[in-house]
Number of protein chains: 2
Amino acid sequence: MSKPLQRREKLRADLILAAERIIAERGLSGLKTRDLAREIGCANGAVYNLVADMDELILRVGSRTLRRLDEALSAAESAGAPLPQETLVRIALAYCDFAAENLQLWRALFEHRMEADKVVPDWSVDDQMRLFRHIYQPLVSLFPKRGPEELEITARSLFSAVHGMVALGLEQKLVAVPLPALRKEIAGLVRAMIDGLIAPAGQNRAAAGS
Amino acid sequence: MSKPLQRREKLRADLILAAERIIAERGLSGLKTRDLAREIGCANGAVYNLVADMDELILRVGSRTLRRLDEALSAAESAGAPLPQETLVRIALAYCDFAAENLQLWRALFEHRMEADKVVPDWSVDDQMRLFRHIYQPLVSLFPKRGPEELEITARSLFSAVHGMVALGLEQKLVAVPLPALRKEIAGLVRAMIDGLIAPAGQNRAAAGS
DNA sequence: CAACAACCCTGAACATTGTTCAATACAAAT
DNA sequence: ATTTGTATTGAACAATGTTCAGGGTTGTTG
């Protein structure tokens, strides 16, 4: 009795949680199968009954991280004035804050590289794509005339630009900007990007919209 | 005779070049000491007479990559109208092109993480900082009233934003934007950022400059 | 030229890790 | 209770960065 299937699932959940804790504490490179096995109380070989390999485990943890990130962005989306400009700023800052507060787990999302030939499974790709929808809505309000495809690309670009600022801003403590300064920079540049995109501006607005 | 010191330096150079070639072909994770030793014709142990460890070797390759990147950006800087806006766009596109043409070597610059406690040597940090100076100059032309510190931060932010677009844009082939589209997006968003930063713009330009 | 010291190189050995697998223990079914 | 299929174990394997004692080479000195 004691429903072995449920026990298996329980162990699986424990494994993923243990992996998450270890990555958060010691970084992606601190994740070792033997530590995991000891942590959840089984032989190292048993790990491979719960997940196919380390890649899958890391992606599972990534999925959890992405879900929490998604929630943080959702909260920011509806946590103030519905002005699309300010909503986008809030989302960008929420992204920055999440990365700072979950530094190692957030890094793991991008540091991890699939071993060549093996493909990222669909459920993982879906997780990633879901993030863009947060900035898509405000962009629709800002640019009602533009088509969905164009807006999707813009959403992706905006997201990527903010991601870059966060990534390099949190990189190395030596030259790193202090967090408040980084937040200010992000807010400023997001507003600038939006203003510039709206702009009935001066001379050279040629290539942006076409 | 046969000047052993020069021989050593020759071997060292060979080693770095071999490492560069391997990273370019197989990525950072494809770099193995035994392959390197075979490649340059020595025992695997001998590698450690030429460099302290893999970290140093990777940083040496990174230094070469950064130098070439620096040259590419320099060329872009002076390869067209001296209008600062267009100069910045050219630099951003040159960055994108360099990353695309040197994908694995460029990725290695950011994928590589120092083993904790060990610090990045000075010469490597210098290499990295040098990149910002390319966008610093045009920014001085654009914002003569702002102080050097503020401009340095802006330079860093602009660079980071473009880096983010390139990084996520070249990431996964599945959802990846084709290169010409990415270039167009980068040019558009760089112009937007600049316009937005210049902007005597509408309602909400509060937080950017302060 | 000979003896010697300093240094380099070799290749075997070590430690760490992801992964596999034959043997064992266990659970359920007949 | 016996059988059967599955889960678990822990030893073994392979890959890989790194170290090291021993042998060889180089350059210097008498």
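One interatomic measurement links the two molecules: CG of B:Asn44 to C1' of D:dT16, which rounds to 10 Å at whole-angstrom precision. Rounded to whole Å, atom P of D:dA7 lies 18 Å from atom NZ of A:Lys10. One can place CG of A:Leu50 at 17 Å from P of D:dT6, the figure rounded to the nearest angstrom. Remark: P of C:dA13 and OH of B:Tyr48 are 18 Å apart, rounded to the nearest angstrom. Look at CZ on B:Arg12: it is 15 Å from C1' on C:dC8, rounded to the nearest Å. Between the NZ atom of B:Lys32 and the P atom of D:dG17 there is a distance of 6 Å, given to the nearest Å. For the pair A:Arg38 CZ and C:dT16 P, the interatomic distance rounds to 12 Å; values are reported in whole Å. Regarding B:Leu28, its CG atom lies at a distance of 11 Å from the P atom of D:dG17, rounded to whole Å.
Along DNA chain C, the nucleotide nearest B:Gly41 and the nucleotide nearest A:Ala52 are compared for position; the residue whose nucleotide lies closer to the 5' end is B:Gly41.
Across all strands shown, B:Leu31 has heavy atoms under 4.0 Å from sugar-phosphate atoms exclusively, and none from any base. Using a 4.0 Å heavy-atom cutoff across all strands shown, B:Asp53 reaches sugar-phosphate atoms only and no base atom.
Applying the 4.0 Å criterion to OP1 and OP2 of D:dT8, one finds that A:Asn49 has a side-chain N or O inside that range. The side chain of B:Thr33 contributes an N or O atom lying less than 4.0 Å from OP1 or OP2 of D:dG17.
Nearest nucleotide to the side chain of B:Cys42, out of C:dT10, D:dG10, D:dT18: C:dT10. In this structure, the nucleotide among D:dG17, D:dT9, C:dT19 sitting nearest to the side chain of A:Arg34 is C:dT19. Considering only the side chain of B:Ala43, C:dG11 comes nearest among C:dG18, C:dC9, C:dG11.
Side-chain contact, B:Asn44 with B:Thr33: no donor N or O sits under 3.5 Å from an acceptor N or O.
The environment of B:Glu25 atom CD is dense: over 12 non-hydrogen atoms of other residues, nucleotides or ligands sit within 6.0 angstrom.
Aromatic rings from A:Phe110 and B:Phe110 are positioned such that their centres are separated by 6.0 Å or more.
The side-chain hydrogen bond (donor to acceptor under 3.5 Å, both in side chains) test with B:Glu77 singles out one residue from B:Gln137, B:Arg133, B:His134, B:Arg90, and that residue is B:His134.
In this structure, A:Arg60 forms a cation-pi arrangement with A:Trp123, its terminal cationic atom sitting closer than 6.0 Å to the ring centre and no more than 45° off the ring axis.
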